There are 2 protein chains.
Amino acid sequence: MDMGDRKDEILALADQLVKSVGYGAFSYADLSEKLGITKASIHHHFPHKEDLGAALCDSYAERMKRGFEKAEAAPGAAWSKLERHFEQGSALVADHAKNCPLAALQAQVNTLPEPMKERLKRLDELELGFFARILAAGRDKGELSFRGAPEAQAALMLSAYKGAMAFARVHGCRFFKDTMAQMKAMVGT
Amino acid sequence: MDMGDRKDEILALADQLVKSVGYGAFSYADLSEKLGITKASIHHHFPHKEDLGAALCDSYAERMKRGFEKAEAAPGAAWSKLERHFEQGSALVADHAKNCPLAALQAQVNTLPEPMKERLKRLDELELGFFARILAAGRDKGELSFRGAPEAQAALMLSAYKGAMAFARVHGCRFFKDTMAQMKAMVGT
DNA sequence: GTCTATAAATGGATAGAC
DNA sequence: GTCTATCCATTTATAGAC
C-alpha cells in the first residue's frame, strides 16, 4: 500500500503523458494538477524539465533491460517472444491512442535536449539488439524464416511495428492488428 | 522573380517546420522571423494556427493527388514506382533529419485540433490507397510477390517506411537505406 | 518536501493606424 | 497587406517561508 517515492510518482505520470502527447506537449502544470502538488514541488525533484526527461529515459532503460533479460531467459518459441512484445503496442493503442514512448521521442527528436537524444539512441539500440538476438536464435532453430542479417530484419520489423502503432492512433486498433498479422505471414510462421 | 502569394510562402515555411519539429513545436514567431514580417501579418492570412494547419493539410492533399495520378499513369515497373516514393523519405532524412509530414502529424495526433485530425486521416487513406493499387497491379503482372490483400501489404510497407524514417532521424540515413533494402528483399523482387 | 509568490519569456491572438 | 501596440494565458524556473 506504499505510494512509492514522489519521484517515482512523477515519473510514472510523465510516462503516461509522453505516451499520450509526447515530451514537448506536457507541462509541469499538467503534472502538478494531476498529482495534487504544486509546480514548485516538482521542480524540487526535477529542477529542469530536461532532468525529468533524462530520468524518464533512464527508467525506460532499466525496465527494458529487465524485460528483455527475462524474455530471453524464458522458454518458448521465438515468435511468441516477439508477439508478447507486440502486445504491448496493442495495449498502448487501445488505451486512448497512446504511443510507444520511444517512438514518441523519435518523433520529437529535433526538439529534444541533447542528453535525451543520446539516451534515446541507446534505448533504440537496446530494443533493436533484443530483436536481433531473438530473430537469430529463431532462424537457427528453424522457427523463423527471413533473408539477410538478423540486425536488418530486426530494424525492418521494429520499424513496421512502430509505424503500425502510429497509423493505428489515427485509424483505430484494427489497423494495428491487421498490419501485424500481415507481418506474421511475412516472417513465415 | 515573382515572390508568389504570401499565403503560399507561409505554407511553404510551415511545411518545412512541420517536417523538422512537428506542428505543435513551431510558432507564429518562428514564421515571422524567417519571413521578415510580423506575427500580426501572419494572423491576417491565417487568423488561428488551426487554420494554418488545416490549409497545410489541404495543400498536402492536392500535392499527393497530383503526384499519385502522375505516378500511376506513368509507365514502369510497380517496384520502381514505390521506390520513387521511398526516395522522398530518403531525401527528408538526409535534409537535417526531417520527417514525413504525415508521420509528424500522426505522432502529435492527440494534441491536434479536430479539423486537422480528420484531414490527417484522409491523407493517410490517400497514401494507403495509392500503395494498395500499385501493389495489386504489380502482383497481377507477376512483378511483385506477397501474401494476403494488397491493402494489408500496403499498410505493412508504409508502416515500415515511416517507422524506418523515424529511426533514421536518430540513427542516421544508413538505417533507412539498410531497412528499405531489407524490405525490398521481402517483397521478392 | 511542500508551499506561496513571483519572475521572465513565449505563444496565440486582437485592435486599429497606415 | 502590413505594421505597432497590446492583451492574456501558459511555461519554465527561482526565492524564500513553513
Side-chain angles (χ1 to χ4, degrees), chain A residues 1-18 20-57 59 104-105 107-108 110-117, chain B residues 1-18 20-57 59 104-105 107-117 119:
Chain A
M1 210 37 48
D2 187 2
M3 74 169 185
D5 259 15
R6 253 291 121 89
K7 231 164 165 166
D8 292 337
E9 270 191 309
I10 296 167
L11 284 171
L13 180 53
D15 170 47
Q16 292 303 312
L17 287 167
V18 164
S20 168
V21 299
Y23 175 77
F26 78 85
S27 67
Y28 275 46
D30 295 323
L31 300 169
S32 163
E33 285 161 26
K34 292 179 196 172
L35 289 174
I37 59 175
T38 62
K39 291 187 287 175
S41 296
I42 300 171
H43 277 286
H44 168 75
H45 296 285
F46 301 102
H48 309 276
K49 195 183 178 187
E50 182 179 324
D51 301 325
L52 172 55
L56 190 58
C57 288
S59 85
L105 295 178
Q108 309 193 325
N110 283 350
T111 67
L112 251 34
E114 205 53 47
M116 288 187 69
K117 277 193 212 181
Chain B
M1 213 30 52
D2 188 1
M3 75 170 185
D5 258 15
R6 253 291 125 89
K7 228 163 167 166
D8 291 338
E9 269 191 310
I10 296 167
L11 283 172
L13 179 54
D15 170 48
Q16 291 302 313
L17 287 166
V18 164
S20 168
V21 300
Y23 175 76
F26 78 86
S27 68
Y28 275 44
D30 295 323
L31 300 169
S32 163
E33 285 161 26
K34 292 180 196 172
L35 288 173
I37 59 176
T38 62
K39 287 193 292 174
S41 296
I42 301 171
H43 277 287
H44 169 75
H45 296 285
F46 301 101
H48 309 276
K49 195 184 178 187
E50 182 179 324
D51 302 324
L52 172 55
L56 190 58
C57 288
S59 83
L105 295 178
Q108 307 191 324
V109 69
N110 284 350
T111 68
L112 251 35
E114 204 54 47
M116 289 187 68
K117 277 193 213 182
R119 282 168 171 81

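Here is the naming used below: chain letters follow the sequence lines, and residue numbers restart at 1 for every chain. Remember, predicted model here, so these are calculated numbers, not experimental data.
With contacts defined as side-chain heavy-atom distances shorter than 4.5 Å, the pair A/Asp5/A/Leu11 does not qualify. In this structure, B/Pro113 and B/Tyr23 have side chains that are in contact, with non-hydrogen atoms separated by less than 4.5 Å. With contacts defined as side-chain heavy-atom distances shorter than 4.5 Å, the pair B/Gln108/A/Gln108 qualifies.
Put simply, OH on B/Tyr28 is 17 Å from C1' on D/dC3, counting in whole angstrom units. Following rounding to the nearest Å, B/Leu52 (CG) and C/dA13 (P) show an atom-to-atom distance of 10 Å. Rounded to an integer number of Å, the gap from A/Asp30 CG to D/dA9 C1' is 14 Å. In this structure, A/Glu9 places its CD atom 13 Å from C1' of C/dT2, rounding to the nearest Å. Computed from coordinates, the A/Lys49 NZ to C/dT10 P distance equals 16 Å when rounded to whole Å. Summarising the geometry, the separation between CG on B/Leu31 and C1' on D/dT2 is reported as 16 Å, rounded to the nearest angstrom. Rounded to whole angstrom, the span from the CD1 atom of B/Ile37 across to the C1' atom of D/dT4 amounts to 15 Å.
The side chain to side chain contact (heavy atoms under 4.5 Å, CB included) with A/Leu13 is formed by just one residue from the set A/Asp30, A/Leu35, A/Val18, A/Ile42; it is A/Leu35.
At C/dA13, one or more side-chain N or O atoms of B/His48 fall inside 4.0 Å of OP1 or OP2 (strictly under the cut-off).
Looking at heavy-atom distances under 4.0 Å, B/Gly36 makes contact with sugar-phosphate atoms alone, never a base.
Looking at B/Lys7, its side chain never comes within 3.5 Å of a backbone N or O of B/Phe46 through a donor-acceptor pair.
Of the residues in residues 38-47 of chain B, those with a non-hydrogen atom less than 4.0 angstrom from any atom of DNA chain D are B/Thr38, B/Ala40, B/Ser41, B/His44, B/His45.
Of the inter-residue distances, the one linking A/Ile37 atom CD1 with A/Tyr28 atom OH reads 11.0 Å to the nearest 0.5 angstrom.
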